[in-house]
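Report on the following structure.
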Amino acid sequence: MTLRVYNVLGREKQEFVPLEAGRVGMYVCGPTVYDDPHIGHAKTYVNFDVVVRWLRKSGYDVLYVQNITDVGHLLESGEDRILKKAGQMHAKPMQIVETYTRNYFQAMDTLGVTRPDISPRASGHIPEQIKMIETLLQKGHAYEVSGSVYFDVTTDPDYGKLSNRRVDDQEGMGRVAERGEKRNPEDFALWKRAEPEHILRWDSPWGEGFPGWHIECSAMARKYLGPTFDIHGGGVDNIFPHNESEIAQSECANDAIFARYWLLVGSLTVDGVKMSKSLGNFTTIEDALQRHSPEVIRAFVLSAHYSNPIDFSDEALSAAAKGWERIYNAVRLNRRALNTAQAGGDGNGFLAQLEKAKSDFAAAMDDDFNAPTGIAILQELTREVNTLLNSGITVALDVLKAVDETYTSLAGDVLGILPAGNRVAGDSNREAALIDFLINIRAQARASKNWAESDRIRDELAKMGIILEDRADGTVWKGM
RNA sequence: GGCGACGUGGCCAAGUGGUAAGGCAAGGCUCUGCAAAAGCCUGAUGCGCCGGUUCGAAUCCGGCCGUCGCCUCCA
């Protein structure tokens, strides 16, 4: 079984062959920590989380690096985003950065996103960035102008190869590109001199200043993954200028291919347009978690292929929730059967169906991490599992175990859409005993056809989020 | 203006040459004291439109229309 990935560099699906057999070096552009993480971040990092999970499931030793941008970049007005935020909050810039870095990790942890192996901070790698800029200056790819250093795009014939942009046709749209002190309008900053009011500043051979936006990724990727590594990920919205500039800087400085495979995820939109502060259609992950579980949010994100855009709405989330519940109900039904199962029993023929589901799932994931098809396979499996468990036969313990292992592996380990445990209140043992007690009282009411009392108990429990289901073999309950 | 992505049943969505996965919604049915859950059945003769290549195209090529993204900080 071979993994094939769509490489944006070259725009074609290719067989994935890592630089070093069995190992994968992967870099994904991380967030700028100047505000709370939003659901667009959720899409991007859940998508790459599944990529990493699948690579590891496939036996690769993955080194996953994702930066934290805590240096801040210039707004159009010339302001630094982090400094602007700090001013608004009456806080130190590094306080802002620390706060939102924590919020980011907390949100990702809640969403079950596996932490990167290394989360390098841009502010902690200023020397590495300066060194790379010096190399570019020595090689004639960059030039200094009164304390700032710019990359000269005309020295890199490959500039534009990722986004298919030519330097000479960037005019248009009625806009005149700003040249300022740059030699060419398309040149971009490697280092900027700090104006007096700029607090975030570092010493450099060119005076006090701060690094350009793109150089941090180049410097940190090189430091932790080497000049050439396997996968570079990010959002398509950063293909230009960020990713393009990363490639130019790195390949000119290192004289080596930068990333070999480029995987870019589609943007998340709200009502058909991209989420942005200016439009006010901004939803934080924390807000989304008020309405939906982490697993449902993941299932929603994974309902479309990572490279496609996805439109966020309560309706879309609700539909995803319904579909997810069907799968999770089967998992719970199976686990309940597992708890009371005896050795022996029937249904051994089902093991072949499980193997089929597993191999189909693997084929889907090996085809450019096709999670939506993976979920479809789980849905089909769920129909078969429900049929088996409701058929009335005594299902063999081994079969029940195999069913649970299949779900745990595919839905749990790979897609991350199974909760860690039964999500009920903290005092779960005592609560479970109380619910069972009420179910017994209700059973007596039902035996004497006292439907009013029976329904009252069911309705009251429902108000508390406890759902009762009367099955042929007794009443079961689940917490919402 | 340039670059790129996309357009599949009411909604979402997979499918890159061999005769349309899956989910949600809807209707019918089975089961049930009722409900819930679950299962079964129904539903695109057609995949934006028009041409072309092919024995055969949602899938390849050309043109057109439309939506979105990027070209300015953005995941």
Side-chain angles (χ1 to χ4, degrees), chain A residues 8 11 13 28-32 34-35 37-45 47-48 66 69 72-77 79-81 160 163-166 168-175 177-178 186 213 233-242 244 264-269 272-278 299-300 303-305 307-311 313 315-316 318-327 329-330 332-333 360 364 367 370-380 382-383 385-387 389-391 446 449-451 454-455 458-459 462 467-472 475-476 478:
Chain A
V8 177
R11 314 263 170 190
K13 210 179 269 188
V28 173
C29 287
T32 302
Y34 71 107
D35 207 342
H38 52 70
I39 49 178
H41 293 113
K43 168 167 163 55
T44 298
Y45 300 116
N47 281 149
F48 282 114
Q66 184 192 113
T69 296
H73 307 303
L74 294 181
L75 291 171
E76 220 168 301
S77 58
E79 281 178 294
D80 179 287
R81 292 149 78 201
S163 60
N164 283 328
R165 272 170 228 260
R166 298 287 205 73
D168 36 298
D169 55 36
Q170 285 301 303
E171 307 288 331
M173 245 176 76
R175 298 188 322 111
E178 280 294 323
E186 301 81 10
W213 173 32
V236 271
D237 49 334
N238 273 335
I239 188 170
F240 189 90
H242 182 63
E244 198 68 74
L264 301 180
V265 306
S267 297
L268 181 142
T269 58
V273 296
K274 199 177 136 179
M275 198 167 60
S276 73
K277 286 253 167 143
S278 52
F300 165 69
S303 70
H305 190 255
S307 62
N308 286 341
I310 193 167
D311 198 56
S313 68
E315 297 72 48
S318 297
K322 287 290 189 64
W324 173 82
E325 273 170 33
R326 184 163 168 276
I327 292 172
N329 281 341
R332 283 193 283 201
L333 186 60
D360 286 351
D367 185 12
N370 197 327
T373 295
I375 290 175
I377 288 159
L378 287 174
Q379 289 288 5
E380 290 181 273
T382 294
R383 178 171 11 89
V385 167
N386 280 325
T387 299
L389 295 177
N390 292 327
S391 65
R446 294 181 75 214
K449 297 198 185 321
N450 185 350
W451 308 127
S454 158
D455 290 350
R458 185 172 61 193
D459 293 346
I467 305 302
L468 299 191
E469 292 174 11
D470 297 322
R471 295 174 51 79
T475 300
V476 299
K478 62 186 179 189

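Proteins come first, then strands; the chains are lettered A, B, ... in the order of their sequence lines, and each starts at number 1. All values below were derived from every heavy atom in this structure, side-chain atoms included, with hydrogens, water molecules and symmetry-related copies excluded.
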At under 4.0 Å between heavy atoms, what does [X] touch on the DNA or RNA strands: base, sugar-phosphate, or nothing?
X: A:G30; value: sugar-phosphate
X: A:N370; value: sugar-phosphate
X: A:S454; value: base
X: A:L389; value: nothing
X: A:V273; value: sugar-phosphate
X: A:G40; value: base
X: A:A316; value: nothing
X: A:R458; value: base

Please report the distance separating the [atom1] of [N] from the corresponding atom of [M], rounded so that it comes out in whole Å.
N: B:rG66; M: B:rC24; atom1: P; answer: 36 Å
N: B:rC64; M: B:rA75; atom1: P; answer: 36 Å
N: B:rA38; M: B:rC3; atom1: P; answer: 50 Å
N: B:rA57; M: B:rG46; atom1: C1'; answer: 12 Å
N: B:rG39; M: B:rG62; atom1: C1'; answer: 49 Å
N: B:rU19; M: B:rG23; atom1: C1'; answer: 24 Å
N: B:rA13; M: B:rU8; atom1: C1'; answer: 9 Å
N: B:rG9; M: B:rA20; atom1: C1'; answer: 10 Å

Subject >> Closest-nucleotide 5' rank along RNA chain B - winner of A:V265 and A:V236 >> reply: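 It is A:V236 whose nearest nucleotide is closer to the 5' end.
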
**OP:** With RNA chain B as reference, determine whether A:T387 or A:H38 sits nearer its 5' end, using the nearest nucleotide of each.
**Re:** A:T387

Original post:
Which heavy atom in A:R11 sits nearest to a heavy atom in A:I239, and how many Å separate them?
Top reply: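 That would be NH2-CD1, 3.7 Å.
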
Phosphate-side-chain proximity, [X] and [N], N/O vs OP1/OP2 below 4.0 Å:
X: A:N329; N: B:rA37; answer: no
X: A:N308; N: B:rA14; answer: yes
X: A:S163; N: B:rC70; answer: no

Rounded to whole Å, how long is the line connecting atom [atom1] of [X] with atom [atom2] of [N]?
X: A:L378; N: B:rA14; atom1: CG; atom2: P; answer: 16 Å
X: A:K274; N: B:rU67; atom1: NZ; atom2: P; answer: 19 Å
X: A:N238; N: B:rC70; atom1: CG; atom2: P; answer: 10 Å
X: A:H305; N: B:rU16; atom1: NE2; atom2: C1'; answer: 13 Å
X: A:Y34; N: B:rA75; atom1: OH; atom2: C1'; answer: 11 Å
X: A:D311; N: B:rC12; atom1: CG; atom2: P; answer: 9 Å
X: A:E244; N: B:rC73; atom1: CD; atom2: C1'; answer: 18 Å
X: A:L333; N: B:rA36; atom1: CG; atom2: P; answer: 17 Å

**OP:** Starting from the C-alpha separation in whole Å, work towards a yes-or-no answer on side-chain hydrogen bond (donor to acceptor under 3.5 Å, both in side chains) for A:N390 and A:R471.
**Re:** CA-CA 9 Å; A:N390 292 327; A:R471 295 174 51 79; 3.0 Å; yes

Original post:
Can you check whether A:D470 reaches A:R458 side chain to side chain, under 4.5 Å on heavy atoms?
Top reply: yes

Original post:
Below 4.5 Å, heavy atoms only, C-beta onward: do A:K449 and A:W451 meet side chain to side chain?
Top reply: yes

Complementary nucleotide for [N] - Watson-Crick or wobble, under 3.5 Å:
N: B:rC34; answer: none
N: B:rC60; answer: B:rG52
N: B:rG17; answer: none
N: B:rU42; answer: B:rA26
N: B:rU72; answer: none
N: B:rA5; answer: B:rU67

Original post:
Side-chain donor-acceptor pair under 3.5 Å between A:R383 and A:N386, yes or no?
Top reply: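 There is no such pair between these side chains.
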
In terms of side-chain heavy atoms of [X], which of [options] is nearest?
X: A:R165; options: B:rC3, B:rA75, B:rA13; answer: B:rC3
X: A:P241; options: B:rC71, B:rA36, B:rA75; answer: B:rC71
X: A:N386; options: B:rA5, B:rA38, B:rA13; answer: B:rA38
X: A:E469; options: B:rC71, B:rA14, B:rA36; answer: B:rA36

Strictly distance-based, threshold 3.5 Å: is any side-chain N or O of [X] a donor or acceptor partner for the main-chain N or O of [Y]?
X: A:S454; Y: A:N450; answer: no
X: A:H41; Y: A:H38; answer: yes
X: A:E244; Y: A:S163; answer: yes

Between the protein and nucleotides 26-31 of chain B, are there any N/O to N/O pairs under 3.5 Å, and if so, what are the atom names and distances?
none

Original post:
Would A:V236 and A:V265 count as a side-chain contact (heavy atoms from CB on, under 4.5 Å) if you check the C-alpha gap in whole Å, the side-chain angles of each, and the deciding distance to 0.1 Å?
Top reply: CA-CA 6 Å; A:V236 271; A:V265 306; over 6 Å; no

Original post:
Looking at CG of A:D455 and CZ of A:R446, how far apart are the two atoms once the value is rounded to the nearest 0.5 Å?
Top reply: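 If we round to the nearest 0.5 Å, A:D455:CG and A:R446:CZ are 9.0 Å apart.
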
Subject >> Rounded distance [0.5 Å steps], CD1 in A:I327 versus CD1 in A:I375 >> reply: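 So the CD1 of A:I327 and the CD1 of A:I375 are separated by 6.5 Å.
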
Original post:
Could you run down nucleotides 18-25 of chain B 5' to 3' and tag each one B, S or - for protein heavy-atom contact under 4.0 Å?
Top reply: ---BSSSS

Original post:
What do the steps show when you test A:R332 against A:N329 for side-chain hydrogen bond (donor to acceptor under 3.5 Å, both in side chains), and what is the final call?
Top reply: CA-CA 5 Å; A:R332 283 193 283 201; A:N329 281 341; 3.2 Å; yes

Original post:
Are the ring of A:Y45 and the six-membered base ring of B:rA75 within the stacking cut-offs of under 5.5 Å and under 30°?
Top reply: no

